[in-house]
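In what follows, a single structure is set out as structure tokens and then discussed.
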Protein chains: 2
Amino acid sequence: MSDPTEDQLAALGTAFETFARRYKLADALRSERPLAELDKAVLLYVAEHEGCGPTDVARFLGVPTTTLSSATDRLVKRGFLKRERIEADRRAVALSLSAAGAACARSMVEAYRQLHLLMLSRLSPDERDRFIAMITKIVDDDS
Amino acid sequence: MSDPTEDQLAALGTAFETFARRYKLADALRSERPLAELDKAVLLYVAEHEGCGPTDVARFLGVPTTTLSSATDRLVKRGFLKRERIEADRRAVALSLSAAGAACARSMVEAYRQLHLLMLSRLSPDERDRFIAMITKIVDDDS
DNA sequence: TGAAGATATAACGAAGTTCGGATTATTCAA
DNA sequence: TTGAATAATCCGAACTTCGTTATATCTTCA
């Protein structure tokens, strides 16, 4: 199978660059003291993995556990996260979202959802499915 | 025209999340003391806009000019960037890349190119064009 | 001309973030 | 029962961001 052309590669690069900027703007216009990049990632991960441990999160996000500890500190301090010692292994803690944390995570997800909605709206209903199928194909290869 | 479905939105969100992670990894495995996120952005911008001024870059990247000043300081200190007073307006400086800076920018671009290549390779040649066309359509609306 | 105001950049410092190196508590294995 | 491994945290140094302030240089217009 022939290789992608340089033009195609360049076009893709430009598109992604624009995406990155849009995402950043969508974040930026959120109110209050904005959470650090890492903290947002932690919040979203915990939302999807209630009860996980700090080490899990650190491994997933590719940061040292000490860094993650700082992040959870900040989130706990803001009342977004709860740390609970668990019985099974008393060295470990289980992370979970507080009501406020869950609300914050929801609002982040919603902001992204709006952005995605806007994006897909530019395509015809037919194209949407084809686009999703292709982008999923690109991403789903776990190599 | 009907709205995108929630399933479509969710699928798109998942895909982008994965993209973000891949990009971050592509960055992470670069050697040497890694550049700060901002510094990389500055380097790439200057590569595309030789001779631009710090204020241009700050406006484009959406950061205060003082922050950008720090970034250019770091890049100059590492020998990646040159600052030259220009004659037309002696308050201003023109930014340009040193040989090392250009090399670094090239290697960053190349890393992204590889990533894009890998992505597009998962699609058939036909799909590639259609995919690019759609993603461009999504992005090109300057609303 | 020559002051007032605008503009480009840099210096400084406070607040916040990351991460390596201890440290503590607990579990596991021989 | 030790000793090694593991989960998490504390501490401190180095770095980043960004508001305030300072400096130099244009621009304008009376």
Side-chain angles (χ1 to χ4, degrees), chain A residues 24-25 27-46 49-96, chain B residues 24-25 27-46 49-96:
Chain A
K24 196 182 159 199
L25 290 189
D27 272 350
L29 57 77
R30 295 180 47 66
S31 53
E32 316 195 13
R33 317 251 130 64
L35 290 165
E37 209 56 43
L38 177 60
D39 299 14
K40 287 184 283 194
V42 172
L43 209 60
L44 289 178
Y45 183 87
V46 175
H49 300 82
E50 201 74 13
C52 65
T55 306
D56 301 328
V57 188
R59 191 168 34 228
F60 180 77
L61 297 177
V63 298
T65 59
T66 54
T67 302
L68 201 109
S69 194
S70 313
T72 55
D73 269 357
R74 291 191 291 271
L75 290 169
V76 167
K77 213 162 286 170
R78 293 208 195 180
F80 284 171
L81 205 61
K82 288 179 296 184
R83 268 191 279 228
E84 283 161 336
R85 286 284 164 188
I86 60 179
E87 187 183 355
D89 182 341
R90 275 187 312 197
R91 295 167 301 182
V93 300
L95 300 175
S96 59
Chain B
K24 200 184 156 200
L25 290 189
D27 272 350
L29 56 80
R30 294 178 47 67
S31 53
E32 314 196 16
R33 316 250 134 61
L35 290 166
E37 209 56 45
L38 177 60
D39 300 12
K40 285 184 284 192
V42 171
L43 208 60
L44 289 177
Y45 184 87
V46 174
H49 301 82
E50 201 73 14
C52 64
T55 306
D56 300 328
V57 188
R59 192 169 33 232
F60 179 77
L61 296 178
V63 298
T65 58
T66 53
T67 302
L68 201 106
S69 190
S70 313
T72 54
D73 270 355
R74 290 190 291 270
L75 289 169
V76 167
K77 215 161 284 170
R78 292 208 198 182
F80 284 171
L81 205 61
K82 286 179 294 184
R83 267 191 279 227
E84 283 161 335
R85 286 285 165 189
I86 59 180
E87 185 182 357
D89 182 340
R90 274 188 310 197
R91 298 166 301 181
V93 303
L95 300 175
S96 59

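Small disclaimer: the values here were computed from a predicted structure and weren't measured. Below, chains carry the letters A, B, ... as their sequence lines are ordered, and counting in each starts from 1.
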Inset, instruction - Tell me what Leu38(B) touches on the nucleic acid: a base, only sugar-phosphate, or nothing, going by heavy atoms under 4.0 Å. - result: sugar-phosphate
Legend entry - side-chain N/O Thr66(A) vs dC19(C) OP1/OP2, d < 4.0 Å: no
Legend entry - 4.5 Å side-chain heavy-atom contact, Leu81(B) and Ser96(B): no
Legend entry - Phosphate OP1/OP2 of dT17(C) contacted by Arg74(A) side-chain N/O (<4.0 Å): yes
Legend entry - dA8(C) phosphate, OP1 or OP2, under 4.0 Å from Arg85(B) side-chain N/O: no
Inset, instruction - Answer yes or no: does a side-chain N or O of Thr67(A) lie under 4.0 Å from OP1 or OP2 of dC19(C)? - result: yes
Inset, instruction - Have a look at Thr55(B) and say if it touches a base, only the backbone sugar-phosphate, or nothing, with a 4.0 Å heavy-atom cut-off. - result: sugar-phosphate
Inset, instruction - Name the closest nucleotide to the Arg91(A) side chain, picking from dA25(C), dT16(D), dC19(C). - result: dA25(C)
Inset, instruction - Tell me whether the OP1 or OP2 atom of dT9(D) has a side-chain N or O from Ser69(A) closer than 4.0 Å. - result: yes
Legend entry - Options dT9(C), dT9(D), dA10(C), nucleotide nearest the side-chain atoms of Thr65(A): dT9(D)
Legend entry - Side chain of Arg90(A) (C-beta onward), nearest among dT27(C), dT16(D), dA11(C): dT27(C)
Inset, instruction - Report yes if some heavy atom in the side chain of Leu35(A) is under 4.5 Å from a heavy atom in the side chain of Arg78(A); otherwise report no. - result: yes
Legend entry - 5'-most by nearest nucleotide on DNA chain C - Arg83(B) or Ala71(A): Arg83(B)
Legend entry - Of Asp89(A) and Asp39(A), the one whose closest DNA chain C nucleotide lies more 5': Asp39(A)
Legend entry - Atom CZ of Arg83(A): over 12 foreign heavy atoms under 6.0 Å: yes
Legend entry - Distance in angstrom units between Leu95(A) CG and dA7(D) P, rounded: 14 Å
Legend entry - Out of dT17(C), dC18(D), dT9(D), whichever nucleotide has its closest atom nearest the side chain of Ala36(A): dT17(C)
